[in-house]
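Structure record follows, encoded as structure tokens.
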Amino acid sequence: MKYNITLKKLSYLFLSFALITSFVSCDQVESVPDENDILISEITGTWVVDMIYDGDPAGTNTISIYNTSANDTDFMWLDDQEHSWGLKAKVPLNLGALTFGGTDLEELYYDVTVTITDGVIVKGGATTPSGDVVDSISFKAEFSDIPGEIWEYSGYKSTAKINDLP
């Protein structure tokens, strides 16, 4: 009987050891995408933009441009993170010409459509408030829930310096 108890204790000890090592043996490594693998990396990032709504200034804020899950050069995500009217759309892109735009694109924040026109990025086309020369961006957006009223965005690629943020 004593032999069975010892064997039982040893099997519990072995099982506990195996369970503990399975948790401890795996190193948790945060997955960070390599920017070299993002095909549109030259335009991705945060952009500081002045917004004009239907001809009137509507403030300064940030938008983000990032690649799609397909990671191709034909589309990009344009996302204002709901800083203005709410613009998150997958927009056709001509990476060679640095232009973008499309008609009746699905806008994901408010389940409407948006038409993006005159989208252009100019390399070295802007100077930040802190004096750095960076890329500029401009485009127009018309939302299906406010037809005929145009949002105009124009600005520069963020340097993340405090003086350059809105």
Side-chain angles (χ1 to χ4, degrees), residues 26 28-166:
C26 297
Q28 290 186 346
V29 178
E30 185 177 336
S31 175
V32 178
D34 182 3
E35 190 171 304
N36 294 330
D37 293 336
I38 299 174
L39 296 178
I40 63 169
S41 63
E42 64 188 271
I43 63 169
T44 58
T46 301
W47 298 77
V48 177
V49 292
D50 293 321
M51 298 171 294
I52 297 174
Y53 172 61
D54 205 26
D56 295 322
T60 301
N61 226 315
T62 58
I63 60 170
S64 294
I65 294 178
Y66 44 92
N67 62 312
T68 64
S69 60
N71 193 28
D72 59 20
T73 59
D74 298 329
F75 290 93
M76 67 181 191
W77 282 105
L78 185 60
D79 188 353
D80 76 353
Q81 300 161 0
E82 294 186 274
H83 290 154
S84 61
W85 190 253
L87 171 60
K88 183 175 184 176
K90 186 176 175 181
V91 181
L93 168 69
N94 180 333
L95 188 60
L98 294 176
T99 59
F100 58 95
T103 304
D104 294 326
L105 306 171
E106 182 180 7
E107 193 288 312
L108 299 180
Y109 286 128
Y110 296 105
D111 195 30
V112 296
T113 60
V114 61
T115 296
I116 305 290
T117 57
D118 302 328
V120 65
I121 294 171
V122 177
K123 292 292 189 184
T127 302
T128 65
S130 64
D132 294 318
V133 175
V134 294
D135 300 345
S136 68
I137 189 170
S138 63
F139 63 94
K140 296 177 183 176
E142 181 179 4
F143 297 88
S144 62
D145 57 339
I146 51 170
E149 298 179 18
I150 307 295
W151 284 87
E152 296 178 50
Y153 298 79
S154 63
Y156 57 89
K157 191 164 190 177
S158 175
T159 62
K161 291 180 180 177
I162 291 176
N163 292 340
D164 294 341
L165 296 174

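Predicted model, so just to flag it, every value in this text is computed and none were measured. We count residues from 1, following the sequence as given.
The shortest non-hydrogen separation linking Ser136 to Ala126 is CB-CB, 3.7 Å. Taking both residues in full, the closest heavy atoms of Ala89 and Val114 are given as CB-CG1, 4.0 Å, listed atom of the first, atom of the second, then distance. For the residue pair Ser41 and Thr44, the shortest heavy atom distance occurs at O-OG1, 3.2 Å.
The ring pair (Phe, Tyr, Trp, His ring centres under 6.0 Å) check on Phe139 picks up Phe100, Tyr153, with sequence neighbours excluded. For the side-chain contact (heavy atoms from CB on, under 4.5 Å) test, residues two or more places apart in sequence or in another chain that qualify with Ser158 are Thr46, Val48, Ala160, Leu165. With sequence neighbours excluded, no residue satisfies side chain to side chain donor-acceptor pair (under 3.5 Å) with Glu142. For Val133, the side-chain contact (heavy atoms from CB on, under 4.5 Å) partners two or more places apart in sequence, or in a different chain, are Thr127. Considering only residues two or more places apart in sequence or on other chains, Ser154 meets the side chain to side chain donor-acceptor pair (under 3.5 Å) condition with none of them.
Atom CZ of residue Phe75 and atom OG of residue Ser69 lie 11.5 Å apart, to the nearest 0.5 angstrom. Summarising the geometry, atom CG belonging to Asp74 is positioned 8.5 Å from atom OG1 belonging to Thr68; distances are rounded to the nearest 0.5 Å. Here the CZ-CD1 distance, from Phe143 to Ile150, works out to 10.0 Å after rounding to the nearest 0.5 Å. In this structure, CD1 in Ile116 is found 9.5 Å from CD in Glu107, a value given to the nearest 0.5 Å.
Residue pairs meeting the side chain to side chain donor-acceptor pair (under 3.5 Å) criterion with at least one member in residues 112-124, sequence neighbours excluded, are Thr113-Ser144, Lys123-Asp135. Within the structure, no pair that satisfies the salt bridge (Lys or Arg N to Asp or Glu O under 4.0 Å) test touches residues 47-63, not counting sequence neighbours. Listed by first then second residue, pairs satisfying side chain to side chain donor-acceptor pair (under 3.5 Å) with a partner in residues 88-106 number zero, not counting sequence neighbours. The list of salt bridge (Lys or Arg N to Asp or Glu O under 4.0 Å) pairs with a residue in residues 152-166, not counting sequence neighbours, reads Asp132-Lys161.
The shortest side-chain heavy-atom distance between Asp80 and Trp151 does not fall under the 4.5 Å cut-off. The closest side-chain heavy-atom distance from Asn67 to Leu39 is not below 4.5 Å. Counting heavy atoms from C-beta on, the side chains of Tyr109 and Leu87 never come closer than 4.5 Å.
Looking at Leu93, Ile137, Leu95 one by one, the single match for side chain to side chain contact (heavy atoms under 4.5 Å, CB included) with Ile121 turns out to be Ile137. Screening Ile63, Asn61, Thr62 for a side chain to side chain contact (heavy atoms under 4.5 Å, CB included) involving Trp47 leaves a single residue, Ile63.
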